[in-house]
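One structure is given here, and the rest of the page talks about it.
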Amino acid sequence: TRSKTGLLLVVLPRFIHSGKGCSSLSTGGRCKTNRTSMLGQQADRVMALGEWEERWQQDRIGFHQPEVHKMLENNIDKVLNGRTGVCFFFPLCGKAVDMKWLADLGHSVVGVEISEKAIQQFFEENNMTYSEEPVPAIPGAKVYKNSEKNISLYQCNLFTFSSSIEGQFGAIWDRGSLVAINPGDREKYADLIISLMAKDCRYLLDTLLYNPDLYQGPPFFVPDEQVHSLFGSSCDIELLHSEDALTDKQRKWGLDKFTENVHLITPKSN
Ligand code: SAH
């Protein structure tokens, strides 16, 4: 009995907390056991697209922020790296006001969002006239553009989007995106994002750390180890900032620890 207990005490915490012992989490089923232990009860959570659309219909959009996101504002110089007129990609864009902020600074923006209501609200709330047209390459999709045509929002499932639509991007702002897609889709998501990165792309990624057994998400918990296993083989990853982001909102979710991490991800120069 003593040796069994000893084994449990020694092996389990390592398995749960470090995620080590698995060289790559991005190899699908091979490391499922490890992923499951890292992500706790969230590993198999699935949110259907219809549930997101329902949230928009019912105005249950607590993730939306009326101000430009501090992490984008604080790190914009690192993202731009001296460049002007950069083309930004916003995966899972919602109606983020960050898109208007960047367009007003002379950049262009391409976003993808499943909710038509979100896209229409974005243009209406920012007093922009907009047009709407089908996207022949993506059945059922529509693209909405402001009159200056420097903001293009695609209404479709992100996983039907590709670099054949708008080419590759010079920057990506990922807030409420990697943390919002289903945890089981992360490898597919990382492959898509990497395929959308131009050689000089600077990808700003916002992740959230908390105990996934206490709250079901979204937003989901994304450990730093997984950021590295998803992007580390083709990109350099720098943790720019880590801060305690616990507020009453997360306390109501049942959490007493909640950390926001911001990573700068850039393609490895070969
Ligand atoms: N980035 C935005 C929105 C975050 S919430 C912000 O920071 O405010 C996630 C958004 O992604 C929701 O608006 C939801 O409707 C949308 N969404 C979720 N899964 C999607 C998918 N597979 N394809 C396109 N949009 C999706």
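As the structure lists them, so they are numbered: ligands from 1, and atoms in each ligand from 1. No hydrogens, no waters, no symmetry mates; every other heavy atom, side chains included, goes into these values.
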With Ser162 via side-chain contact (heavy atoms from CB on, under 4.5 Å) - residues at least two apart: Ser164, Ile165
Considering only N or O atoms, set out every pair between ligand 1 and the protein closer than 3.5 Å, with distances to one decimal place.
{"from": "ligand 1", "atom 1": "1 (N)", "to": "Leu92", "atom 2": "O", "distance (Å)": "2.8"}
{"from": "ligand 1", "atom 1": "1 (N)", "to": "Arg175", "atom 2": "O", "distance (Å)": "2.7"}
{"from": "ligand 1", "atom 1": "7 (O)", "to": "Arg175", "atom 2": "O", "distance (Å)": "3.4"}
{"from": "ligand 1", "atom 1": "7 (O)", "to": "Arg175", "atom 2": "NH1", "distance (Å)": "2.7"}
{"from": "ligand 1", "atom 1": "8 (O)", "to": "Arg175", "atom 2": "NH1", "distance (Å)": "3.4"}
{"from": "ligand 1", "atom 1": "13 (O)", "to": "Trp56", "atom 2": "NE1", "distance (Å)": "2.8"}
{"from": "ligand 1", "atom 1": "13 (O)", "to": "Glu113", "atom 2": "OE1", "distance (Å)": "2.7"}
{"from": "ligand 1", "atom 1": "13 (O)", "to": "Glu113", "atom 2": "OE2", "distance (Å)": "3.2"}
{"from": "ligand 1", "atom 1": "15 (O)", "to": "Trp56", "atom 2": "NE1", "distance (Å)": "3.3"}
{"from": "ligand 1", "atom 1": "15 (O)", "to": "Glu113", "atom 2": "OE2", "distance (Å)": "2.6"}
{"from": "ligand 1", "atom 1": "22 (N)", "to": "Asn157", "atom 2": "OD1", "distance (Å)": "3.0"}
{"from": "ligand 1", "atom 1": "23 (N)", "to": "Leu158", "atom 2": "N", "distance (Å)": "2.8"}
{"from": "ligand 1", "atom 1": "25 (N)", "to": "Ile114", "atom 2": "N", "distance (Å)": "3.0"}

Residues in side-chain contact (heavy atoms from CB on, under 4.5 Å) contact with Thr247, at least two apart in sequence or another chain: Lys249, Gln250
Side chain to side chain donor-acceptor pair (under 3.5 Å) involving Asn75 - partner list, sequence neighbours excluded: none
Lys257 charged N/C atom sitting above Tyr210 aromatic ring, 6.0 Å / 45°: no
Electrostatic pair Arg83:Asp200 at N-O distance under 4.0 angstrom: yes
Side chain to side chain, Thr266 and Cys201, heavy atoms closer than 4.5 Å: no
